[in-house]
There are 2 protein chains.
Amino acid sequence: MLQEFKPENGANADIAPLSAKQMEDVCPVRSVISHVGDKWSTLVLGELSQKPYRFGELRRSISDISQRMLTQTLRDLQRDGYVNREVFPTKPPSVEYSLTELGQSLVFSLKQLIEFALENHPKVVDARRKFDAENM
Amino acid sequence: MLQEFKPENGANADIAPLSAKQMEDVCPVRSVISHVGDKWSTLVLGELSQKPYRFGELRRSISDISQRMLTQTLRDLQRDGYVNREVFPTKPPSVEYSLTELGQSLVFSLKQLIEFALENHPKVVDARRKFDAENM
DNA sequence: CTGAATCCTACTTGATACTG
DNA sequence: CAGTATCAAGTAGGATTCAG
């Protein structure tokens with residue numbers, strides 16, 4: 001049931017290699033979970049799942065993210081339809097970010113994985129310790 | 001509920017930065033999902049969820065993975081306790097890889113995310129198309 | 001305040017060649 | 001067969017500077 005991860009290698013095997021951006025659309029699953037493994041996306045999704053945030057507020061909230069990466073992460077999430085970006089023409093301007101329905105749905109699906117992580121983290125740490133010990 | 005992603009920034013804020021390997025153990029969630037976003041881990045987990053594989057067999061099955069990356073991916077998964085590695089002293093030697101219980105459990109938790117991906121991929125593609133159109 | 005643009009470094013990955 | 005070692009290339013990420 002995880003096969004969908006694998007791009008077809010029969011039909012397109014001898015076609016010119018795809019660009020990273022094209023590649024994205026080939027495999028539905030990878031296309032979506034690319035954000036999950038991403039260093040910052042999950043953090044941002046987590047914050048936004050609590051309430052809408054303004055840019056600077058979000059930046060302070062995650063604290064160790066650079067402004068460049070926050071901008072980029074938000075753009076990517078917005079592009080994929082997970083995040084809404086609303087500009088208020090105040091002076092100075094302010095921008096509010098919030099989750100779309102799709103974004104909320106993604107966060108929901110993430111929860112099971114998070115619960116797994118929290119529950120099994122000790123086992124993983126233990127396995128690592130053992131492995132490292134056995135392999136010097 | 002996603003806060004666990006965020007490393008504590010109060011207590012350790014002014015301590016020396018951690019190495020990548022140490023960092024791993026700081027956040028339980030990121031520590032686990034690091035494999036999820038990884039380009040190959042999910043593929044490998046997917047294959048192994050069907051049956052045990054030998055090295056070369058797995059390599060052919062994923063086809064576009066390099067032997068180097070397969071070795072490395074398997075090592076990482078083994079280290080974290082998701083994969084069993086069993087060596088048969090035949091001649092030439094053969095090695096069999098299979099999922100541990102923990103590995104099976106991880107795959108199970110992944111399913112919800114995969115279903116989300118398959119179900120919502122069209123929406124994401126659509127959102128991207130729109131976004132790209134609006135932003136030239 | 002919210003970003004865009006540039007530069008620069010460090011890690012990741014792939015190709016290739018070699019070994020038990 | 002199942003790896004390890006080495007080197008080259010690509011990519012992601014941080015720091016800094018500038019702009020609406």
Go through dT13(C), dG13(D), dG3(D) for me and flag the one nearest to the Phe55(B) side chain.
dG3(D)
Quick check on dG14(D): is either OP1 or OP2 less than 4.0 Å from any side-chain nitrogen or oxygen of Lys39(A)?
yes
Test of understanding: with side-chain hydrogen bond (donor to acceptor under 3.5 Å, both in side chains), list the residues that count as partners of Lys123(A), not counting sequence neighbours.
Asn120(A)
Once you round it to whole Å, what is the distance between C1' of dG14(D) and CZ of Arg59(A)?
11 Å
Please enumerate all residues that pass side-chain hydrogen bond (donor to acceptor under 3.5 Å, both in side chains) together with Gln104(A), with sequence neighbours excluded.
none
In whole Å, what is the span from the CZ atom of Arg85(A) to the C1' atom of dT2(C)?
8 Å
Among residues at least two apart in sequence or on other chains, which ones pass side-chain hydrogen bond (donor to acceptor under 3.5 Å, both in side chains) with Ser109(B)?
none
Residue pairs meeting ring-ring contact (aromatic ring centres under 6.0 Å, His included), one or both in residues 44-74 of chain A, sequence neighbours left out, come to none
Tabulate atom names and distances for all N/O pairs under 3.5 angstrom spanning the protein and nucleotides 4-8 of chain D.
from, atom 1, to, atom 2, distance (Å)
dT4(D), O4, Gln67(B), OE1, 3.1
dT4(D), O4, Gln67(B), NE2, 3.1
dT6(D), O4, Arg68(B), NE, 3.4

Taking only side-chain nitrogens and oxygens of Tyr97(B), does any of them come within less than 4.0 Å of OP1 or OP2 of dG3(D)?
yes
Just how far, in rounded Å, is C1' of dG13(D) from CG of Leu43(A)?
15 Å
Between Pro93(A) and Ser66(A), who's closer to the 5' end of DNA chain D by nearest nucleotide?
Ser66(A)
Students should find that the end-to-end axis angle of the helix from dC1(C)-dG20(D) to dG20(C)-dC1(D), with five pairs defining each axis and rounding to 10 degrees, is 40°
Using 4.0 Å as the upper bound for N to carboxylate O, is an ion pair formed by Asp76(A) and Arg79(A)?
no
